[in-house]
Novice: 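Have a look at this one.
Just so we're on the same page: letters track the sequence lines, and every chain starts at 1.
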Protein chains: 2
Amino acid sequence: MPRRFPRPSVTVDVVIFTLRDDDLQVLLVKRKSAPYAGRWAIPGGFVRIDEPLEEAARRELSEETGVRDVYMEQLYTFGDPKRDPRERVITVAYFALVPAPLAVRAGGDASDACWWSMYGLPPLAFDHADILDYALTRLRYKLEYTAVGFQLLPDTFTLSELQKAYEVVLGAALDKRNFRRKILEAQVIEETGEFRTGEGRPAMLYRYRSDAVAEVRARRLFP
Amino acid sequence: MPRRFPRPSVTVDVVIFTLRDDDLQVLLVKRKSAPYAGRWAIPGGFVRIDEPLEEAARRELSEETGVRDVYMEQLYTFGDPKRDPRERVITVAYFALVPAPLAVRAGGDASDACWWSMYGLPPLAFDHADILDYALTRLRYKLEYTAVGFQLLPDTFTLSELQKAYEVVLGAALDKRNFRRKILEAQVIEETGEFRTGEGRPAMLYRYRSDAVAEVRARRLFP
DNA sequence: TCAAAAGTGTTTGTGGTACACCCATGG
DNA sequence: CCATGGGTGTACCACAAACACTTTTGA
């Protein structure tokens, strides 16, 4: 294969979502060097020459958060020639969903990484604002027709916690009775038999049924 | 930016769909050289160093078919390190929908390009079978909740032609009365006042309303 | 006994699906 | 007048949405 074409650099960027403080948050790192020194950015890095794309994304995720085995999917590939002022960089963006209690390491290891609310983001480097916009749109969309929302919660959770997660991501209030009926009828969760105590009446703890069918037929425009 | 990382090649591949002979067809080209010499492949090529990804995809589309200004969207990025046996090649796949009467040039200019039924494909080069699988899944899925199907038809069409297009893509028969009611209620098409004559009773010609809202809310798993 | 959160059913409307016959034209 | 494709309506069922009070616990 002749080298008639100069090659771009290829990176992966990983939008890492979690729930913290009843809020949808995303992990950002502070850039140390030009361009955009001091600005916040989505964590990412170069794809190694023999590394699959998703493996590169999981490596970045693991480096930033210490977690593995969480939900991740490819989001979109951003390749505008001017998106990096230095040279051509094509980035394959992924998004990951990290359960709240695992989302601990950000900012812990003295790196400048911390969680930001999706509803109050700082100015971002490169085209990262576009990437986050698109990631939120995609997350909301997926929430509507797949059972991906459980990936933001710990292994066991109460129905109120699950509803709150949906409300925070969707940015809208949901009806408690309809929510409970629908999710129980969908048979995607099951009782653990345990209860969570705290203020007020104890709540049943549920777990996600991994054998559940995770996708629901879309309402079709045409019959 | 130090060159610590050897760079992969980046290509675009374009899955070009059209309707021909009441069939969903895709444009393939015959490879002239190794690897996979003689095998059929999705048209594609290298991304130029200062060329946006979608522009590269449209350039490939135009080179193969002569058409411009048709529906195209990014599909997925395939980057397995072994997908090209020579070296690391990451490909950003797109899919395009070409109206039937424009889909003429394949095979015309002595290049080995021709249309293949999606339901009877030959053995394909690289991971192109995976790419086509995914493209068909995505096309069917999009058809369910957006008005993208019109992109496969000429400017004016009869309701029977439209229904046939949906049936061919979805691989399923649809009820005539329900189809007509639903699509007319959706207000995405309007009468032209013209008729198409032929065998049997003449049929009203419709056109797509470009001001139509093209997306429909999905049936949500949760309320 | 009070505050706080958990839990529980019914009604009404809308949209999906199934289904069979008459109409207009050309040959 | 007949073959061919175009065009039309209704009944039933399932799901979505709106809506308010009782229960259980800890302080």
Side-chain angles (χ1 to χ4, degrees), chain A residues 21-22 140 143-147 149 153 156-168 170 172-207 213 215-223, chain B residues 19 21-22 140 143-147 153 156-168 170 172-207 213 215-223:
Chain A
D21 310 325
D22 287 344
R140 285 179 173 169
L143 217 57
E144 294 191 335
Y145 67 94
T146 71
L153 291 170
T156 64
F157 46 84
T158 69
L159 288 178
S160 295
E161 290 165 353
L162 181 60
Q163 181 176 344
K164 188 70 194 175
Y166 273 81
E167 290 179 330
V168 165
L170 296 175
L174 302 175
D175 180 89
K176 182 161 68 164
R177 279 169 294 185
N178 290 339
F179 182 83
R180 283 165 187 248
R181 179 169 3 89
K182 198 160 180 180
I183 198 163
L184 292 174
E185 281 174 1
Q187 308 224 302
V188 291
I189 61 174
E190 61 189 9
E191 297 187 353
T192 62
E194 311 272 295
F195 288 83
R196 168 155 304 158
T197 56
E199 285 191 275
R201 177 173 169 177
M204 174 63 72
L205 282 168
Y206 290 82
R207 75 169 68 88
V213 175
E215 192 128 350
V216 152
R217 192 162 188 74
R219 172 178 299 173
R220 293 188 295 177
L221 180 53
F222 307 110
Chain B
L19 292 178
D21 310 324
D22 288 343
R140 285 180 172 168
L143 217 57
E144 293 191 336
Y145 67 93
T146 72
L153 291 171
T156 64
F157 47 84
T158 69
L159 289 178
S160 295
E161 291 165 353
L162 182 60
Q163 181 177 344
K164 188 72 195 175
Y166 274 81
E167 290 179 332
V168 165
L170 296 175
L174 302 175
D175 180 88
K176 183 160 67 163
R177 279 170 295 185
N178 291 339
F179 182 83
R180 284 164 187 249
R181 178 169 5 89
K182 198 160 180 180
I183 197 162
L184 292 174
E185 281 174 359
Q187 307 224 302
V188 291
I189 61 175
E190 61 188 8
E191 296 187 353
T192 62
E194 312 271 296
F195 288 84
R196 168 156 304 162
T197 57
E199 287 191 273
R201 177 173 169 178
M204 174 63 72
L205 283 168
Y206 290 82
R207 75 169 68 87
V213 175
E215 194 129 347
V216 153
R217 192 163 187 74
R219 172 178 299 173
R220 293 188 296 177
L221 180 52
F222 306 110

Novice: Do the side-chain N or O atoms of Ser160(A) get closer than 4.0 angstrom to the phosphate oxygens (OP1, OP2) of dA6(C)?
Specialist: yes

Novice: What's the separation between atom CG in Leu159(B) and atom CZ in Arg180(B), rounded to the nearest 0.5 Å?
Specialist: 5.0 Å

Novice: Atom CD1 of Ile183(A) to atom C1' of dG7(C): distance rounded to whole Å?
Specialist: 15 Å

Novice: Rounding to a whole Å, what distance do you find between Glu185(B):CD and dG15(C):P?
Specialist: 8 Å

Novice: Could you state the CZ-P distance from Phe157(A) to dA5(C), rounded to the nearest angstrom?
Specialist: 20 Å

Novice: Rounded to whole angstroms, how far apart are NZ on Lys182(A) and C1' on dA14(D)?
Specialist: 12 Å

Novice: Round to a whole Å and report the spacing from CG of Leu174(A) to C1' of dA17(D).
Specialist: 12 Å

Novice: Using the side-chain contact (heavy atoms from CB on, under 4.5 Å) criterion, which residues pair with Ala165(A)? Sequence neighbours excluded.
Specialist: Leu19(A), Leu153(A)

Novice: Rounded off to whole Å, could you give me the CG-to-P distance for the Leu184(B) and dG9(D) pair?
Specialist: 12 Å

Novice: Checking the side chain of Thr192(A) only, and the main-chain atoms of Arg207(A) only, is there a donor and an acceptor separated by less than 3.5 Å?
Specialist: no

Novice: Under the rule for side-chain contact (heavy atoms from CB on, under 4.5 Å), what residues qualify as partners of Arg177(B), not counting sequence neighbours?
Specialist: Asp175(B)

Novice: Which nucleotides of nucleotides 18-27 of chain D have their base under 4.0 Å from a protein heavy atom (B), which only their sugar-phosphate (S), and which neither (-), written as one string 5' to 3'?
Specialist: BBB--BBBS-

Novice: So, Glu191(A) side chain and Met204(A) main chain: donor-acceptor pair closer than 3.5 Å or not?
Specialist: no

Novice: Can you find a heavy atom in the side chain of Lys164(B) that is under 4.5 Å from one in the side chain of Glu167(B)?
Specialist: yes

Novice: Starting from P on dG6(D), measure out to CG on Leu162(B) and report it in whole angstrom.
Specialist: 12 Å

Novice: From CZ of Phe195(A) over to P of dA5(C), roughly how many Å is that when rounded to an integer?
Specialist: 18 Å

